[in-house]
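The structure appears right after this line, and notes come after that.
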There are 2 protein chains.
Amino acid sequence: MNLPPVIQAFVLHFGEMGSRWGINRTVGQIYALLYVSPEPLCADDMVDRLGMSRSNVSMGLKELQSWNLVRLMHKPDDRKDYFTTLGDIWQIVRTLVEERKKREVDPTLSVLRELLMQNPAMADEQHAQDKMREMYEMIEMLCGWYDDVRRLETDRLIQLLSLGAKVQKILEVKDRLFALPGGRSKASAEKEG
Amino acid sequence: MNLPPVIQAFVLHFGEMGSRWGINRTVGQIYALLYVSPEPLCADDMVDRLGMSRSNVSMGLKELQSWNLVRLMHKPDDRKDYFTTLGDIWQIVRTLVEERKKREVDPTLSVLRELLMQNPAMADEQHAQDKMREMYEMIEMLCGWYDDVRRLETDRLIQLLSLGAKVQKILEVKDRLFALPGGRSKASAEKEG
DNA sequence: CACATATTTCAGAAATTTCTGAAAGTTGAG
DNA sequence: CTCAACTTTCAGAAATTTCTGAAATATGTG
């Protein structure tokens with residue numbers, strides 16, 4: 001590896017982290033390097049700096065493109081392909097979540113849905129299906145929330161995050177304010193959508 | 001494998017999913033089987049039903065215990081160890097998130113913190129550190145939010161999730177209600193915590 | 001303690017994943 | 001079309017991870 005120490009440490013760490021997630025070590029390293037680079041890099045730059053084979057870099061870049069994590073660019077009068085990461089850190093997180101959902105959560109939901117349609121042939125299967133339904137409903141709820149939240153603009157999202165659980169308190173205050181004795185208040189109507 | 005078809009399909013799916021996460025295939029299968037079982041199982045039950053070696057089951061259970069995902073039990077007059085999953089699905093999700101944070105997010109934060117202390121020796125390192133800081137702050141914000149939300153009781157959490165982004169609207173309503181011309185309102189005071 | 005029942009460890013086999021160099025493919029310029 | 005510059009593919013090598021059987025360890029019972 002041929003990198004300044006701080007960058008090398010960062011790249012190595014993300015290589016390790018990558019291998020804990022589905023992404024492999026070299027893909028993690030390539031991405032980390034691109035993330036901290038001030039300029040787009042071409043494959044040969046990465047070969048030099050990361051010390052891996054040209055073909056490995058090529059495969060890694062292909063995978064990163066399939067994750068929508070990297071953008072292909074060109075420089076004028078240069079036939080090489082250059083790459084950069086895509087968007088700011090929040091956009092990166094959004095993309096990561098979106099892609100992982102697509103690859104992991106959605107297929108799981110569809111397996112569960114299918115299994116829940118089967119007729120249980122015995123008590124154990126019945127019980128298993130009940131547990132699967134519990135899981136299915138939990139995932140659906142998280143997906144519904146995600147589907148709402150992903151549409152927020154980033155500064156709204158940040159605002160919401162900084163609020164944390166204080167939302168609860170605000171809801172309580174609001175409920176008290178709008179509460180009408182024995183009636184369905186405007187607040188609860190809104191809360192229930 | 002020696003399992004009813006619906007359960008087998010579930011177990012196989014979670015095996016595959018497990019291998020996309022850090023968890024390996026057989027550990028995923030063991031957990032899936034325990035999750036849908038009405039009764040605690042002993043290691044030999046798992047050997048029978050999953051068709052893997054006794055030692056493999058033993059190692060898998062050890063790993064699941066280290067993740068706090070499985071509880072060891074005993075039956076009266078029986079020397080075998082029995083195992084169950086731990087808590088309802090929401091508790092399981094909490095545990096998973098907590099453990100993954102501990103193993104993946106916390107170490108990353110500490111690497112980043114350390115790298116941000118270094119003196120940049122050149123422009124590229126300076127730029128890299130800026131990007132790392134951006135990432136560090138994003139992770140800190142997510143952790144802060146998580147730290148708030150994890151304390152909520154499950155039904156409060158569910159309530160919050162079903163609310164989704166509608167929280168935003170409620171905030172807007174609230175801001176409008178409390179807004180005093182030119183003044184720091186009770187609402188904004190609360191929002192800023 | 002001796003024995004039977006259980007669980008864990010661990011060295012190496014088996015399987016899977018990652019990585020490489022060589023060859024094939026692509027593309028723009030002359 | 002031909003060449004040079006560049007990228008991709010892919011078969012097999014290398015590395016890593018997973019899995020197993022055999023041996024070691026632990027534990028309750030008489």
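All chains are named by letter (A, B, ...) in the order of the sequence lines, taking the proteins before the strands, and each is independently numbered beginning at 1. Reckoned from all heavy atoms, side chains included, excluding hydrogens, waters and symmetry mates.
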I need the [atom1]-[atom2] distance between [X] and [N], as an integer number of Å.
X	N	atom1	atom2	value
B:His74	C:dT5	NE2	P	17 Å
B:Lys80	D:dG28	NZ	C1'	14 Å
A:Met46	D:dC6	CE	P	14 Å
B:Glu63	C:dT8	CD	C1'	15 Å
B:Lys75	C:dT5	NZ	C1'	17 Å
B:Tyr82	C:dA6	OH	C1'	11 Å
B:Asp77	D:dT29	CG	C1'	13 Å
A:Asp81	D:dT8	CG	P	6 Å

Test your reading of the model: is there a side-chain donor-acceptor pair from [X] to the backbone of [Y], 3.5 Å cut-off?
X	Y	answer
A:Ser58	A:Arg54	no
A:Gln129	A:Gln118	yes
B:Glu63	B:Ile23	no
B:Asp45	B:Cys42	yes

Quiz item: Among all residues two or more places apart in sequence or in another chain, which pass the ring pair (Phe, Tyr, Trp, His ring centres under 6.0 Å) test with A:Phe10?
Solution: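 If we apply the ring pair (Phe, Tyr, Trp, His ring centres under 6.0 Å) test to A:Phe10, skipping adjacent residues, the hits are A:Phe14.
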Is there any protein nitrogen or oxygen under 3.5 Å from a nitrogen or oxygen in nucleotides 27-30 of chain C, and what are the pairs?
residue : atom : partner : partner atom : Å
C:dT27  : O2   : A:Arg79 : NH2          : 2.7

Practice problem: Report the distance from atom OG of A:Ser37 to atom NZ of B:Lys131, rounding to the nearest 0.5 Å. | Solution: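 NZ of B:Lys131 is found 10.0 Å from OG of A:Ser37.
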Quiz item: With a 4.0 Å cut-off, would you call B:Asp148 and B:Arg151 a salt bridge?
Solution: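 Salt bridge between B:Asp148 and B:Arg151, a charged N being under 4.0 Å from a carboxylate O: no.
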Quiz item: Do B:Arg94 and B:Glu98 sit within salt-bridge range, that is, some charged N less than 4.0 Å from a carboxylate O?
Solution: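 B:Glu98 and B:Arg94: not salt-bridged.
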Quiz item: Are A:Ile139 and A:Val105 close enough that some pair of their side-chain heavy atoms sits under 4.5 Å apart?
Solution: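 Contact flag for A:Ile139/A:Val105 side chains = yes.
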Quiz item: Base, sugar-phosphate alone, or nothing: which one does B:Asp44 contact when heavy atoms must sit under 4.0 Å apart?
Solution: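 Nothing, no heavy atom under 4.0 Å.
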Quiz prompt | B:Lys62 vs C:dT7: side-chain N/O to OP1/OP2 distance below 4.0 Å | solution =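 No, outside the criterion.
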Quiz item: When you check every protein heavy atom under 4.0 Å of nucleotides 11-24 of chain C, what one-letter string (B, S, -) results, 5' to 3'?
Solution: -------SSBB---
